[in-house]
Number of protein chains: 2
Amino acid sequence: MTTLLPLADEPTPERADAARNRQAILAAALRLVETRGVACVTMDTVASEAGVGKGTLFRRFESREGLMAAVLNESETAWQASVISGPPPLGPGAPPLERLLAFGHSRLRTNLTHADLIAAAGRPGARSAAAVSFANMHVRYLLGELGVTGDLLMLATALLAPLEMVVLEQQVNREHISIERIEAGWDDLVRRVVGGSPTGGDGAARR
Amino acid sequence: MTTLLPLADEPTPERADAARNRQAILAAALRLVETRGVACVTMDTVASEAGVGKGTLFRRFESREGLMAAVLNESETAWQASVISGPPPLGPGAPPLERLLAFGHSRLRTNLTHADLIAAAGRPGARSAAAVSFANMHVRYLLGELGVTGDLLMLATALLAPLEMVVLEQQVNREHISIERIEAGWDDLVRRVVGGSPTGGDGAARR
DNA sequence: GGTCCAAACGGACCGCAGTCCGGTTCTATT
DNA sequence: AATAGAACCGGACTGCGGTCCGTTTGGACC
């Protein structure tokens with residue numbers, strides 16, 4: 001819980017060998033995941049593959065979920081970059097509504113692509129809650145740009161919720177709904193939320 | 001996968017001793033969960049407590065997640081009953097919008113109450129996708145009553161998504177958002193979706 | 001360069017989920 | 001009622017995630 005995020009200036013930043021090992025572990029894990037698939041990657045394998053003791057591995061990443069979250073975080077970061085400074089309509093330059101729709105579609109595809117890794121990374125407790133926060137903040141920003149009023153934190157959460165893997169898995173694997181339909185559904189949701197009558201932001205709306 | 005749901009008329013309905021054991025296991029599991037908490041309930045414990053071999057336990061419930069799902073299913077069923085035929089506003093008798101709001105609140109509380117059990121029951125793959133379907137169907141019905149048009153399956157999913165534990169956990173444990181605020185946020189979402197301008201069901205709405 | 005200690009290392013060890021297979025018990029059939 | 005065979009039972013066994021602790025190493029300070 002303490003060393004999940006590598007803060008810049010802690011009392012002890014990080015020892016050289018520790019950093020080297022973290023890199024080795026992460027590289028080995030990534031390679032193994034791509035090669036054998038997430039399910040077949042054991043902690044012992046990663047450890048020996050990285051030329052490192054098992055204990056080291058667990059001290060660095062806390063748990064298997066933590067390790068997977070770290071691996072996942074690599075691509076997550078790249079995605080965030082493309083949202084912040086990539087080409088439109090996902091990146092800046094397009095009108096807010098288009099950006100928002102593009103955001104949803106992109107998130108949808110990304111989640112689906114990394115489905116098994118997300119599953120292995122477990123619930124967002126171990127996984128970076130930062131990822132969730134980022135998405136939420138961005139949606140909130142776009143909603144603001146669109147002139148939506150109300151509890152934007154809640155509204156953003158509501159928009160992001162249908163894009164969570166738990167929901168998507170149910171739709172795709174269980175109910176066999178096409179991705180296009182899911183996208184269309186999300187677009188519809190966004191338009192209703194954005195274009196809906198403003199409640200004014202207070203909770204005492206009319207019944 | 002085959003015997004997850006007890007179908008009524010299979011070639012081999014179920015042998016008497018098997019049924020007896022299933023009951024014993026379920027009872028023991030329920031008791032242990034309430035006593036020690038989900039985290040401390042091991043399969044060995046349940047087995048010995050139920051006076052049954054470990055193999056039996058796994059044949060009946062497939063996995064630990066399966067067992068937990070079965071335990072969870074008990075209260076889930078009771079809840080479904082109160083939705084279908086309980087007192088209003090959750091049950092029938094109240095106007096649709098009130099029912100819908102009550103439904104959300106009730107679901108929210110219920111999920112929060114059984115948080116750890118839901119976590120232990122794992123992703124809805126092993127868990128009864130039926131539970132999800134039920135909720136979805138009910139919301140769809142209420143949306144229909146409210147005269148909402150469009151892809152009701154998607155709309156219902158969108159309304160239910162923010163009530164999933166993955167989302168709630170993030171809000172409650174990570175962001176420390178009060179339950180009242182979550183409720184209010186959901187109410188707002190519902191009103192926007194219900195009261196929003198009807199898109200007519202096609203995706204070609206105005207920008 | 002030498003000393004010292006906190007931090008990192010690594011592999012033996014533990015507990016639990018899940019499997020396997022020989023023995024047992026139920027039920028349909030004659 | 002006796003028989004046959006299918007379904008069930010149970011506990012020994014395996015593999016993996018996670019912990020523990022004696023040992024090693026990095027680097028700050030002298």
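In what follows, every chain begins at residue 1, and chains take the letters A, B, ... in the order their sequences are listed.
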Can you tell me if S106(A) uses its side chain to pair, donor with acceptor, with the backbone of A102(A) under 3.5 Å? no
Could you check whether any side-chain heavy atom of M154(A) comes within less than 4.5 Å of a side-chain heavy atom of Q171(B), counting everything from C-beta outward? yes
Looking at S85(B) and A81(B), would you say the former's side chain and the latter's main chain have a donor-acceptor pair under 3.5 Å? yes
Run R107(A) and E76(A) through salt bridge (charged side-chain N to carboxylate O under 4.0 Å, His left out) and show every step you take. CA-CA 10 Å; R107(A) 178 108 191 130; E76(A) 191 80 9; 3.1 Å; yes
Atom-pair distance (CE on M68(B); P on dC16(C)), nearest Å: 13 Å
For dC8(D), take OP1 and OP2 only and decide whether either is under 4.0 Å from a side-chain N or O of T56(B). no
Summary of protein contacts for nucleotides 16-23 of chain D, nucleotide by nucleotide, where a base hit scores B, a sugar-phosphate-only hit scores S (4.0 Å, heavy atoms): SBBB----
Does OP1 or OP2 of dC8(D) have a side-chain N or O of N21(B) closer than 4.0 Å? no
R60(B) side chain N/O closer than 4.0 Å to the phosphate oxygens (OP1, OP2) of dC8(D)? yes
Separation of dC8(D) P from L57(B) CG (nearest whole Å): 14 Å
Looking only at atom types and distance, does a side-chain atom of W186(A) sit under 3.5 Å from a main-chain N or O of L159(A), one as donor and one as acceptor? yes
Does N111(A) reach the main-chain N or O of L163(A) with its side chain, forming a donor-acceptor pair under 3.5 Å? yes
